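As structure tokens, the structure follows; a few thoughts come after it.
Fair warning: this is a prediction, and the values are worked out from it, not measured in the lab.
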2 protein chains.
Amino acid sequence: MSQTREIAERLAWVGVDWGSSNLRAWALDAHGEVLARAGSERGMLSLAPSDYEATLLSTIGDWLPADGRVPVRICGMAGARQGWREAAYLPVPTRLDGLARGAVRPAVEGPRLDVALLPGLCQHPDDAGRRFDVMRGEETQLAGLVAREGEASGPVCLPGTHAKWARLEAGAVTRFATFLTGELYQWLAGQSVLRHSLNHGQGEDDLAEPGDHQAFVAAVQEVAAAPESFGNRLFGLRAQDLLDGDLPSGQARGARLAARLSGLVIGLELAGARAVLTEGETVTLVGAEALCTRYALALEAQGIDCRRVDGETAVLAGLGLAHASLSHAPGACPP
Amino acid sequence: MSQTREIAERLAWVGVDWGSSNLRAWALDAHGEVLARAGSERGMLSLAPSDYEATLLSTIGDWLPADGRVPVRICGMAGARQGWREAAYLPVPTRLDGLARGAVRPAVEGPRLDVALLPGLCQHPDDAGRRFDVMRGEETQLAGLVAREGEASGPVCLPGTHAKWARLEAGAVTRFATFLTGELYQWLAGQSVLRHSLNHGQGEDDLAEPGDHQAFVAAVQEVAAAPESFGNRLFGLRAQDLLDGDLPSGQARGARLAARLSGLVIGLELAGARAVLTEGETVTLVGAEALCTRYALALEAQGIDCRRVDGETAVLAGLGLAHASLSHAPGACPP
């Protein structure tokens, strides 16, 4: 039996995380086991509503059996107003086992797909320090924590382009904050005046050199202690490259300064996130390994305990929770 | 008599501010009066050392008399290591009437130009809170304050792509700090995720609407009070655009959010600069009118007095001070 036929025979549903710039899809059996993975670089920013079905079919078409409708559960920007169809934001506080209540079904022309788009979360300002904020995709990773651990509580950090910090209480998101950290780093390292001084491959070597490790941690501490110095310390990397006789030369020099830049942007984020942390709490880090390692170092330097959950594991568990809700109460998501 | 001939007959020297991305030149008579202005988009980043003389001649050639050598005094990135010829940084503290002592003469093939490149300033870390920093060009504007006012003292702010804060004491720069403010703003408004929410023409209307004015000042105050929230408040502009029913629509909406972004980046800079300000001091703002107006508003909101000096006036006075030094003590700048 071919691998493709085996997938089609065991396929129970498909999970999709469809972001601004790409999509990742998983073929799952009835027990939630991953049968196959697929992806595409066609994200929300490059698609019109009428493009989504064909893009999805070209990505996962090989998995589908010859007949029958396959449930497809999608989180992320495909549910944005500029996406396939809008799945309106649910305002916090929101129970994470209830995301399916906000799901919508986009128009699908073919007979093979039963598609539901999950909603994101939004937050309005209040006297308790909440600010305007939105997320699409990360709420499903948070739901994955609930799916795996029941009434999950405590602070959760999801590092990335737009890093999220969320507070969970008994399985609900009660507040969250987004930081522009990853996007800021990419620009500073690759396009700003600092590009002349940095290696751009940051993150790949994961602070392999002891000096890079020290530079990263020192930068975290400096900005956490004096966040108002952030803009000055950024330019300071350029000045240090021009003036500091103690820096290594060549590739190692750029790596050292890149480690320091990474520490500055993550340190500023931690300083901001501390405002919503309670002393002694353990932070749950959800995401890719290299980035979570860096955040764990930064948190440790600040005396904050953390534990880690793999990002793919979390999103699959969250999609599975929503899939179970939609399967058991199909009326909850009107066509 | 043609205008060109009049310039050539009265011309005593030429001042040039040659930056990374452009150059500005002034024809001056013996009393320092501006006879003409010229400019070019050919800055240090687009020139090899051998290109400078031809670029200068194509910009100011019309001003030159038929015979005789004309003194040309140049500040800015043309004196960087990657420029025409390196005029090594002078370390702070440095008396600003002594910049000419660090001037160098690049190789010039033609007989008509007597060129001197002025040095920039550098700073090394110390226990008094100084950090690695460099400037090239702004030191000449600071020298202009000394030329106009004698033993100038106090804090000086030069807004811009890389905004500078310098402390003057009795005509010397004792410390300074650079902030990436302008470059950060341009990226955030034009290229980051916020570009979808902002009008890019910021600065042109100069907060003409009362609501924009209020949004700018509120953002300054918020970040100055909680600089650690900077990264979160940046993303908050995007969320506000998606969620805030009280924002105006259309062009006015983008202008409101751009005013707020401007307040966030300037507020972060002020928070950092306050660390080197003494209570009750008056800040001297040197630069272009629209940007200085914005900084004056931000300083006022923070209860800090300021006064203003036009940027062109300052750089011309500084170039003039260096020109006088070089003319009276030509040996100070060896060929």
Side-chain angles (χ1 to χ4, degrees), chain A residues 20 80-82 89 91 122-125 129 131-135 161-165 177-181 183-184 186-188 191-194 196 222-224 226-245 265 267-276, chain B residues 20 80-82 89 91 122-125 129 131-135 161-165 177-181 183-184 186-188 191-194 196 222-224 226-245 265 267-276:
Chain A
S20 295
R81 195 172 303 168
Q82 310 87 335
Y89 294 113
C122 68
Q123 175 175 279
H124 284 77
R131 301 182 187 127
F132 282 119
D133 219 321
V134 292
M135 66 166 74
T161 305
H162 299 154
K164 308 281 179 187
W165 284 76
T178 305
F179 295 80
L180 213 65
T181 309
E183 190 173 357
L184 196 53
Q186 290 302 327
W187 168 70
L188 288 164
Q191 295 180 264
S192 80
V193 67
L194 305 185
H196 304 296
E222 289 165 23
V223 171
E228 71 280 2
S229 67
F230 180 70
N232 178 222
R233 291 182 195 275
L234 290 182
F235 187 83
L237 294 172
R238 179 71 185 138
Q240 189 181 359
D241 183 29
L242 295 168
L243 301 175
D244 186 0
V265 296
L268 184 67
E269 179 185 325
L270 291 199
R274 285 209 80 144
V276 294
Chain B
S20 294
R81 195 172 304 168
Q82 309 88 335
Y89 295 114
C122 68
Q123 176 176 278
H124 285 75
R131 301 183 187 125
F132 283 119
D133 218 321
V134 292
M135 67 165 73
T161 304
H162 299 155
K164 307 282 179 187
W165 283 76
T178 305
F179 295 81
L180 213 64
T181 309
E183 190 173 357
L184 196 53
Q186 290 301 327
W187 168 69
L188 288 165
Q191 294 179 264
S192 80
V193 67
L194 306 184
H196 304 296
E222 289 164 25
V223 172
E228 71 280 2
S229 66
F230 180 70
N232 178 222
R233 290 181 195 276
L234 291 181
F235 187 82
L237 294 171
R238 178 70 185 139
Q240 189 181 1
D241 183 29
L242 294 168
L243 301 175
D244 187 359
V265 295
L268 185 67
E269 179 185 324
L270 292 199
R274 285 209 80 145
V276 294

Worksheet, complete the sentence: Residues at least two apart in sequence or cross-chain that pass side-chain hydrogen bond (donor to acceptor under 3.5 Å, both in side chains) with A:Gln240, listed by chain then number, are A:Asp244

Discussion item. Among B:Ser192, B:Ala163, B:Cys122, B:Gly236, which residue has the highest count of heavy-atom pairs closer than 4.5 Å to chain A?
Written reply: B:Ser192

Worksheet item: Measuring heavy-atom distances to chain B, does A:Glu222 have an atom under 4.5 Å in its side chain, in its backbone, in both, or in neither?
Response: neither

Practice prompt. Could you tell me how the ring of A:Trp187 sits relative to the ring of B:Trp187: parallel (under 30°), tilted (30 to 60°) or perpendicular (over 60°)?
Written response: parallel

Worksheet entry | Reported CZ-to-CZ distance for the pair B:Arg131 and A:Phe235, which is rounded to 0.5 angstrom | 13.5 Å

Fill in: Side chain / backbone / both / neither for A:Leu184 at chain B, heavy atoms under 4.5 Å
both

Worksheet item: With a 4.5 Å heavy-atom cut-off, do A:Phe132 and B:Leu242 have their side chains touching?
Response: no

Practice prompt. Dump the intermediate steps for side chain to side chain contact (heavy atoms under 4.5 Å, CB included) on A:Thr161 and B:Val193, then the final yes or no.
Written response: CA-CA 10 Å; A:Thr161 305; B:Val193 67; over 6 Å; no

Discussion item. Is A:Leu237 close to chain B through its backbone or its side chain, or both, or neither, when contacts mean heavy atoms under 4.5 Å?
Written reply: neither

Discussion item. Between B:Leu270 and chain A, with a heavy-atom cut-off of 4.5 Å, which part of the residue counts as in contact: side chain, backbone, both or neither?
Written reply: neither

Practice prompt. Taking side-chain hydrogen bond (donor to acceptor under 3.5 Å, both in side chains) as the test, write out the residues that go with B:Ser229, two or more places apart.
Written response: B:Arg233

Fill in: chain B contact via A:Glu269 - side chain, backbone, both or neither, heavy atoms under 4.5 Å
neither

Worksheet entry | Partner chain A: residue of B:Ser20, B:Ala271, B:Ala273 with the largest heavy-atom pair count (under 4.5 Å) | B:Ala271

Fill in: Side-chain donor or acceptor of B:Asn232 paired with backbone N/O of A:Thr178 under 3.5 Å
yes

Fill in: chain A interface, residue from B:Ala226, B:Gly267, B:Pro125, B:Gly231 that has the most non-hydrogen pairs under 4.5 Å
B:Gly231

Item to complete: With a 4.5 angstrom heavy-atom cut-off, could you sort out which part of B:Arg238 is near chain A: side chain, backbone, both or neither?
Response: side chain

Worksheet item: Going through the distances and angles, do A:Phe230 and B:Leu180 end up as a side chain to side chain contact (heavy atoms under 4.5 Å, CB included)?
Response: CA-CA 9 Å; A:Phe230 180 70; B:Leu180 213 64; over 6 Å; no

Response to the item:
From the list B:Glu183, B:Gln123, B:His124, B:Arg81, the residue making the most non-hydrogen contacts under 4.5 Å with chain A is B:Glu183

Discussion item. Give me the atom names and distance for the closest heavy-atom approach of A:Leu268 to B:Pro227.
Written reply: CD1-O, 4.0 Å

